[in-house]
Amino acid sequence: MEDLQLTEHSLSRKGREMPVRVMELRDKPDGTVEQIVGHVLVFGHPGDGCLVRIHSRCLYGDALQSDDCDCGPELELAMDLIQDENGQGVLIYLEQEGRGAGLIVKAMGLRTGEQTGADTFDAYRMLGHPVDSRSYDHAADALTYLGLRSVRLMTNNPDKLQAVQDAGLDVQAVPLATEPRSERAALYMEAKRRGANHSYPEPCGRTASTGRAPTVDAALRHANR
């Protein structure tokens, strides 16, 4: 892992600036060829108890702003929450498109779902692929590398919580409540709830005065109602 200080620069987002430092996550999955498996973005100078988002790449949701999933909205909300804490937090962006199967398999799964009515998990099974082959070990290791002993993890995914806990960190879950942008997105979120035990709080909206995401405390209060 690199010297973070060599990458520090300012990032402008939604009319506000915050300092960010970047490092690569690398692995040798076949034992010989080293590959980049993700990146760590450190915003500000976070310490124990900071906000953390572990996010697996979704080209459709993150870059193309697809209405068919909640990936883009979750990433946007997580970044909003980091900015609302004076730009202090960590985003770990993992190259695990299609729940680790890649974009081609993801596309084949979506086609199978359209043809048969199967959800994304059953479609993978029909194609002979694991429903979820992602790992969060590199992300957890990165948090310990940063010297963190406790974090507030923005996620609805119990596997992410478990991976960070297994690395020896104290973890508080911060649920991400987003509104499905379409019927497809609603069905996808329901499939994740049933197929992967994701826990979805009801969307708590954005403040009328600023249009921004609610604070972390507000999100937690809403989720625990």
Side-chain angles (χ1 to χ4, degrees), residues 11 13-14 16 18 20 38-58 61-62 69-94 96 99 132 134-181 185 188-190 192-193 196-207 210-225:
L11 174 72
R13 181 180 182 272
K14 295 190 176 182
R16 292 182 285 175
M18 53 185 170
V20 59
H39 290 84
V40 181
L41 284 75
V42 182
F43 297 98
H45 296 276
D48 284 337
C50 68
L51 288 172
V52 172
R53 170 64 181 170
I54 299 173
H55 192 89
S56 294
R57 180 178 186 267
C58 175
D62 299 342
C69 65
D70 61 338
C71 305
E74 282 194 345
L75 179 58
E76 180 181 19
L77 177 56
M79 286 302 304
D80 287 347
L81 293 173
I82 287 175
Q83 283 192 272
D84 286 343
E85 293 217 339
N86 297 316
Q88 309 287 329
V90 179
L91 168 64
I92 302 178
Y93 197 84
L94 300 174
Q96 297 189 139
R99 295 198 301 273
D132 193 340
R134 291 174 294 180
S135 170
Y136 305 108
D137 293 343
H138 294 93
D141 290 344
L143 295 174
T144 59
Y145 174 82
L146 293 174
L148 297 172
R149 294 171 296 181
S150 62
V151 298
R152 287 174 294 158
L153 190 63
M154 298 178 285
T155 188
N156 305 318
N157 185 341
D159 291 343
K160 295 179 182 178
L161 290 169
Q162 190 63 56
V164 177
Q165 289 172 342
D166 288 347
L169 282 77
D170 291 330
V171 185
Q172 178 186 4
V174 175
L176 293 176
T178 63
E179 187 75 48
R181 293 176 173 175
Y188 175 66
M189 293 165 71
E190 174 60 19
K192 290 201 293 184
R193 186 189 67 79
N197 296 317
H198 285 216
S199 178
Y200 283 101
E202 293 181 3
C204 47
R206 295 174 180 265
T207 61
T210 66
R212 294 176 184 167
T215 64
V216 173
D217 287 343
L220 285 171
R221 287 197 302 271
H222 185 88
N224 293 328
R225 287 191 312 185

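The main-chain N or O of Leu91 is never found under 3.5 Å from a side-chain atom of Arg53 such that the two would form a donor-acceptor pair.
Checked against side chain to side chain donor-acceptor pair (under 3.5 Å), Asp70 has the following partners two or more places apart in sequence or in another chain: Lys192, Tyr200. Qualifying side chain to side chain donor-acceptor pair (under 3.5 Å) partners for Gln88, counting only residues two or more places apart in sequence or in other chains: none. Every residue meeting the ring-ring contact (aromatic ring centres under 6.0 Å, His included) condition with His55, not counting sequence neighbours, appears here in chain and number order: Tyr93. With sequence neighbours left out, the ring-ring contact (aromatic ring centres under 6.0 Å, His included) criterion links Tyr188 to no other residue. Under the side chain to side chain donor-acceptor pair (under 3.5 Å) criterion, Gln165 pairs with no residue, sequence neighbours left out. With sequence neighbours left out, the salt bridge (charged side-chain N to carboxylate O under 4.0 Å, His left out) criterion links Arg13 to Asp80. Partners of Asp62 under the salt bridge (charged side-chain N to carboxylate O under 4.0 Å, His left out) rule, at least two apart in sequence or in another chain, do not exist in this structure. Under the side chain to side chain contact (heavy atoms under 4.5 Å, CB included) criterion, Ser135 pairs with Gln96, Asp137, not counting sequence neighbours. Legend: residues meeting side chain to side chain contact (heavy atoms under 4.5 Å, CB included) with Arg149, ordered by chain and number and at least two apart, are Asp48. Scored by the side chain to side chain donor-acceptor pair (under 3.5 Å) test, Asp159 finds no partners at all (sequence neighbours excluded). Judged as a salt bridge (charged side-chain N to carboxylate O under 4.0 Å, His left out), and not counting sequence neighbours, the contacts of Arg134 are Asp132.
Screening Thr155, Leu148, Leu143 for a side-chain contact (heavy atoms from CB on, under 4.5 Å) involving Val164 leaves a single residue, Leu143.
Between Phe43 atom CZ and Gln83 atom CD the span is 8.0 Å, to the nearest 0.5 Å. Annotation: the span from Ile92 atom CD1 to Leu146 atom CG amounts to 7.0 Å, rounded to 0.5 Å. We find the CG-CD distance between Leu81 and Glu76 to be 10.5 Å, quoted to the nearest 0.5 Å. Of the inter-residue distances, the one linking His39 atom NE2 with Leu94 atom CG reads 11.0 Å to the nearest 0.5 angstrom. The line from CE of Met18 to CE of Met79 is 3.5 Å long, rounded to the nearest 0.5 Å. In this structure, NZ in Lys160 is found 6.5 Å from CD1 in Ile54, a value given to the nearest 0.5 Å.
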Exercise. Which is it for Val40 and Tyr145 under the side-chain contact (heavy atoms from CB on, under 4.5 Å) test, yes or no, and what are the steps along the way?
Worked result: CA-CA 11 Å; Val40 181; Tyr145 174 82; over 6 Å; no
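For the pair Pro46 and Val90, the tightest heavy-atom approach, listed with the atom from each and the gap, is CG-CG2, 4.0 Å. Here the shortest heavy-atom pairing between Thr144 and Asp141 reads OG1-O, 2.7 Å. Listed here is the closest heavy atom pair of Ala185 and Cys69: CB-N, 4.0 Å. A pairwise comparison of heavy atoms in Val171 and Leu161 identifies CG1-CD2, 3.6 Å as the closest pair. Closest of all the heavy-atom pairs between Met154 and Leu176 is O-CD1, 3.7 Å.
For the pair Arg16/Asp84, a side-chain contact is recorded, criterion being any heavy-atom separation below 4.5 Å from C-beta on.
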